[in-house]
Amino acid sequence: MPAIRWQGSMLTLDLRVQPGAARDEIVGAHGDRLKVRITAPPVDGRANRHLIDYLAAAFGVPRSRVTLLRGETGRAKTVQIDSPTRLPSEFSALPGSARET
């Protein structure tokens, strides 16, 4: 299964998240997932909240349109973004990132 899937206007991402990084960034493919580094530590849900904030800003949507579907306590996560208005430059070169019409 690809790490990046479009279902109509919904974008689903299978992520490998690295908390406590020096900066927030989409790194690229990591096995069958997309690796994302975030600065927040994995304490008391802060990393999940920060990840949602980062993805919302990166994809140009309000925070309410980013949903954590799976992986609340682990590094492997699945998120869904409802109707992203833009794609980050690091994201656009990855397989599956192009929206099929």
Side-chain angles (χ1 to χ4, degrees):
M1 181 177 284
I4 302 165
R5 298 179 301 283
W6 285 97
Q7 297 168 326
S9 66
M10 299 295 259
L11 175 62
T12 303
L13 304 173
D14 291 327
L15 304 176
R16 172 73 175 176
V17 179
Q18 178 188 334
R23 62 182 169 182
D24 297 328
E25 64 183 336
I26 296 172
V27 179
H30 183 81
D32 61 347
R33 295 188 170 270
L34 179 64
K35 186 170 184 177
V36 177
R37 293 183 183 135
I38 56 170
T39 56
V43 178
D44 298 329
R46 287 179 13 197
N48 287 338
R49 287 190 300 274
H50 187 82
L51 174 66
I52 289 170
D53 290 342
Y54 171 67
L55 292 175
F59 287 91
V61 297
R63 188 179 197 284
S64 62
R65 292 192 359 210
V66 180
T67 306
L68 179 61
L69 299 176
R70 283 187 289 280
E72 190 170 319
T73 60
R75 290 180 180 220
K77 300 184 184 300
T78 301
V79 298
Q80 191 169 57
I81 303 169
D82 183 8
S83 304
T85 60
R86 67 174 172 259
L87 299 178
S89 59
E90 310 90 347
F91 180 83
S92 58
L94 298 170
S97 62
R99 187 174 185 175
E100 295 178 15
T101 56

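Small disclaimer: the values here were computed from a predicted structure and weren't measured.
- In this structure Phe59 satisfies the ring-ring contact (aromatic ring centres under 6.0 Å, His included) test together with Phe91, sequence neighbours excluded.
- Summarising the geometry of Arg46 relative to Pro41, their closest heavy-atom pair is NH2-CG, 3.0 Å, with the distance given to 0.1 Å.
- Leu34 CG to Ile4 CD1: the interatomic distance, rounded to the nearest 0.5 Å, is 5.5 Å.
- Nearest heavy-atom pair across Asp14 and Asp32 is CB-O, 4.5 Å.
- Minimum heavy-atom separation, Asn48 to Glu72: ND2-O, 2.8 Å.
- Checking Lys77, Arg33, Arg37 one by one against Arg16, the side-chain contact (heavy atoms from CB on, under 4.5 Å) holds for a single residue, Arg33.
- Taking CD1 from Ile81 and CE from Met10, the interatomic distance works out to 10.0 Å, rounded to the nearest 0.5 Å.
- Of the listed residues (Glu25, Gln18, His30), just one forms a side-chain hydrogen bond (donor to acceptor under 3.5 Å, both in side chains) with Lys35, and that residue is Gln18.
- A donor-acceptor pair is defined here as one N or O able to donate and one able to accept, closer than 3.5 Å; such a pair exists between the side chain of Arg65 and the backbone of Asp82.
- Between Ala40 and Ala47, the shortest heavy-atom distance links the atoms CB-CA, 3.9 Å.
- Annotation: side chain of Trp6 is in contact with side chain of Pro84 (closest heavy-atom distance under 4.5 Å).
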Quiz item: Under the side chain to side chain contact (heavy atoms under 4.5 Å, CB included) criterion, do Leu15 and Leu55 qualify, and how do the steps go?
Solution: CA-CA 11 Å; Leu15 304 176; Leu55 292 175; 4.0 Å; yes
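- Thr78 contributes no side-chain N or O that, together with a main-chain N or O of Arg70, makes up a donor-acceptor pair within less than 3.5 Å.
- We find the OH-CG distance between Tyr54 and Asp24 to be 6.0 Å, quoted to the nearest 0.5 Å.
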